There are 2 protein chains.
Amino acid sequence: MTITKAACVGRPRGFDIDIALEQALNVFWRNGYEGTSLNELTEAMGIKKPSLYAAFGNKEQLFFKAIDLYENRPDSLFNIAFQHEHIADVIRGLLLGAAAQFTDCSHPQGCALINSTLSCSEASDSIKKTVLERKLKHKQQLADRFEQAKCKGELQDDCEPVVLASLMTTLFQGLSMQASEGASVEELQQVAAMAAEGILTVCVKR
Amino acid sequence: MTITKAACVGRPRGFDIDIALEQALNVFWRNGYEGTSLNELTEAMGIKKPSLYAAFGNKEQLFFKAIDLYENRPDSLFNIAFQHEHIADVIRGLLLGAAAQFTDCSHPQGCALINSTLSCSEASDSIKKTVLERKLKHKQQLADRFEQAKCKGELQDDCEPVVLASLMTTLFQGLSMQASEGASVEELQQVAAMAAEGILTVCVKR
DNA sequence: ATTGTTCTGTACCGAACGGTAATATATAGA
DNA sequence: TCTATATATTACCGTTCGGTACAGAACAAT
């Protein structure tokens, strides 16, 4: 899916807009929104500033498009883990999957969405707000999935789906930060495994 | 403990250096290192830039001094929680204490150390490195305390103190982020309670 | 070949950044 | 009162920030 319809008249664009966007995502992923300068972006994307502005609007819109690209990846953590039938497998899949994906060295470490939110002063308020909404949406998806599991009788009676969703979000954010700080895949997997074991023990009927 | 020895000659300083430092800490706490500008600092501290530079060196040194102030607070989370004898109380104290302190509205939300690390591009590398060392030191303190508990037979045999310390760190970082994003004290306490219950169940002998 | 359209590159904008030179001002000691 | 010293104030430095005006270059349609 291209971002801007290819023009059939005029000078043709000299770069692949999808590849450029992916490069931009990588920079935002690594440095966050405010931590990324236009010079870093243009250098990584292999284009000059006016080309960037013509193709993507401005830094803010470029960021949103990059985040869209990130969230629509087919190998998204949620997409994979939610395919499991049993809630225990979902929880294990989410935590161990996060540990694996956040340390996957084929792209920057951690979660792009979580990393981006960080380096944001009061200046870029719309960025903060939008990223927060996305994260809230994901938390809601988790809560919905856990609620569904509870209806099926998979969860303990005293386990609140919303709280469990918050706890998972907390763990994701912590795992993402640790990954960004250079934690190894082994360390994060041990952490994820211990967390999963604890959650399964106190929240899931067996 | 003052930062700079009070001069007994020359024009006396027109502001309280300790109060100014505390104001600086609050700004860094709220906005992170790179997210904080000198104008914000001087405004919050009630002084002009040359006074700031005369008293604290530069932005980087001011940050280090502010972080020192933060870590040497008497009501530090670790100081309080480590006073408990039983490891179960330590773990509960750490998690519930974090939920409470991170949402305490008498100061910025979240953990200052964790928040600061975030908004740091490759530029301020020494900041990143120093903050990382501090966080690592805290993780080590946790690991030592858990190791000690294991020696006393308080932990399950298959519970690795280092992994448990990593999991606690992960939870702290997640809780701090959620607090910074505006989570309520109630929500965080529920999350902390659930996490504590899980950890106590799988890691601690009862 | 000309025109219209769109992209590319250079060179620049005002604003904000961290940091400082120069100078005025307030105190202690002589 | 005068001098030495340390602080406060103003006004400025060079750099980088996000963003853009402008002119040239490459294509499709005529």
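Just so it is clear, the structure is predicted and the values come from calculations on it, not from any experiment.
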Participant: Only counting residues at least two apart or in another chain, list the ones meeting ring pair (Phe, Tyr, Trp, His ring centres under 6.0 Å) with A:Phe64.
Facilitator: none

Participant: Run the salt bridge (charged side-chain N to carboxylate O under 4.0 Å, His left out) test against B:Glu60 and tell me which residues pass, sequence neighbours left out.
Facilitator: none

Participant: Can you check each nucleotide of nucleotides 8-19 of chain D against protein heavy atoms at under 4.0 Å and return B for base, S for sugar-phosphate only, - for none, in 5' to 3' order?
Facilitator: SBB------SBB

Participant: Only counting residues at least two apart or in another chain, list the ones meeting salt bridge (charged side-chain N to carboxylate O under 4.0 Å, His left out) with A:Arg30.
Facilitator: none

Participant: If you look only at pairs with a residue in residues 95-117 of chain B, which of them pass as a salt bridge (Lys or Arg N to Asp or Glu O under 4.0 Å), with sequence neighbours excluded?
Facilitator: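 Every pair satisfying salt bridge (Lys or Arg N to Asp or Glu O under 4.0 Å) with a residue in residues 95-117 of chain B: there are none.
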
Participant: In whole angstrom, give the distance that lies between atom CG of B:Leu52 and atom P of D:dT7.
Facilitator: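 Nearest whole value for this atom pair: 13 Å.
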
Participant: Name all residues meeting the salt bridge (charged side-chain N to carboxylate O under 4.0 Å, His left out) criterion together with A:Lys139; count only those two or more places apart in sequence or in a different chain, and write none if there are none.
Facilitator: B:Glu187

Participant: How long is the line joining CG of B:Leu41 and C1' of C:dC17, in whole Å?
Facilitator: 12 Å

Participant: Provide, to the nearest angstrom, the distance between the CG atom belonging to B:Asn31 and the P atom belonging to C:dG18.
Facilitator: 12 Å

